[in-house]
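Predicted model only: the values in this text are computed from it and were never measured. Reckoned from all heavy atoms, side chains included, excluding hydrogens, waters and symmetry mates.
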Amino acid sequence: MVKSSQPLAPRTGPSHIRRFFFVVAEVFDLFGDPVPANWGERGRPEHVATQQNRNRVSLLVALGWNNARIASALFITQPTLRKHYFSELKFRDVARDRLVAQLGVKLLDGVNAGNVSAIREFQKYLERNDLMLYGQTQQPQRAAPAEKPAKAEKLGKKEEALLAAHQPNAGTPMGELMMRRQQGLNS
């Protein structure tokens, strides 16, 4: 794909057919990225920082990604990332605020256009902003969760058998004898 500038003068010929020649300003690949000047020559081609990649880096910085992860997402090395996207990386501390502000502007544009879903989302946006601004004091207090009763300790087979042996079953003759004997020992 080739993007061109203004056409030159038309070629002479029949009046119903006009041909224009264009001066090639920049060559782009199939993905719309500019082709570097040394493409096809020896050595690795120079990375070209496009506006789309700058926007990607700004977004990933705002999402809290580290440099190594951003570089791998763009298929470049970390030194290349720092070289070409230094201005996007240096605003790491305010990148999230810039992203939230840009989202607010887009929502406000939708509200002004009368988009109902944008109005709903803008109301949620305002509520989240108010919670952040005023802190958690404006939120309704939730009841503390009820404490769960402590679980009984699990016993193995031997411990269960030993415990059952010391607790006689009152419905059987042997259990009644054992209960009488325990009462006699206790008195």
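- Interatomic distance, Trp65 CH2 to Leu59 CG, rounded to the nearest 0.5 Å: 8.5 Å.
- Using a 4.0 Å cut-off between a side-chain N of Lys or Arg and a carboxylate O of Asp or Glu, Glu121 and Lys124 qualify as a salt bridge.
- Residue-environment remark: CZ (Arg96) stays at or below the threshold of 12 foreign heavy atoms within 6.0 Å.
- Leu131 and Leu103 fall into different hydrophobic clusters, where Ile, Leu, Val, Met, Phe, Trp and Tyr are joined by side-chain heavy atoms under 4.5 Å apart, directly or via other members.
- Gln123 contributes atom CD, which lies 11.5 Å from atom CZ of Arg128 (distance to the nearest 0.5 angstrom).
- Once rounded to the nearest 0.5 Å, the distance linking OH of Tyr125 with CG of Asp130 reads 11.0 Å.
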Side chain to side chain contact (heavy atoms under 4.5 Å, CB included) between Val116 and Arg120: does it pass, once the steps are laid out?
-> CA-CA 6 Å; Val116 176; Arg120 288 187 192 132; 3.8 Å; yes
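- Pairing each heavy atom of Ala62 with each of Ala95, the nearest pair is CB-O, 3.5 Å.
- Here the CG-CZ distance, from Leu107 to Phe122, works out to 7.0 Å after rounding to the nearest 0.5 Å.
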Hey, mind stepping through Arg92 and Asn67 against side-chain hydrogen bond (donor to acceptor under 3.5 Å, both in side chains) and telling me if it holds?
-> CA-CA 11 Å; Arg92 189 174 294 274; Asn67 287 357; 2.4 Å; yes
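- The distance from atom CD1 of Ile70 to atom CG of Leu60, rounded to the nearest 0.5 Å, is 5.5 Å.
- Annotation for Glu159 and Gly156: closest pair OE1-N, 3.0 Å, computed over non-hydrogen atoms.
- Listed here is the closest heavy atom pair of Glu88 and Val57: CB-CG1, 3.8 Å.
- Hydrophobic clustering keeps Val94 apart from Val100 (ILVMFWY residues linked when any side-chain heavy atoms are closer than 4.5 Å, directly or through intermediates).
- More than 12 non-hydrogen atoms from other residues, nucleotides or ligands lie less than 6.0 angstrom from CZ of Arg54.
- Side-chain N/O atoms of Arg56 and Asn53 include a donor and acceptor closer than 3.5 Å.
- For Gln102, the CD atom sits in a loose shell: 12 or fewer heavy atoms of surrounding residues, nucleotides or ligands are nearer than 6.0 Å.
- Here His47 contributes atom NE2 and Leu74 contributes atom CG; the two are 6.5 Å apart, rounded to the nearest 0.5 Å.
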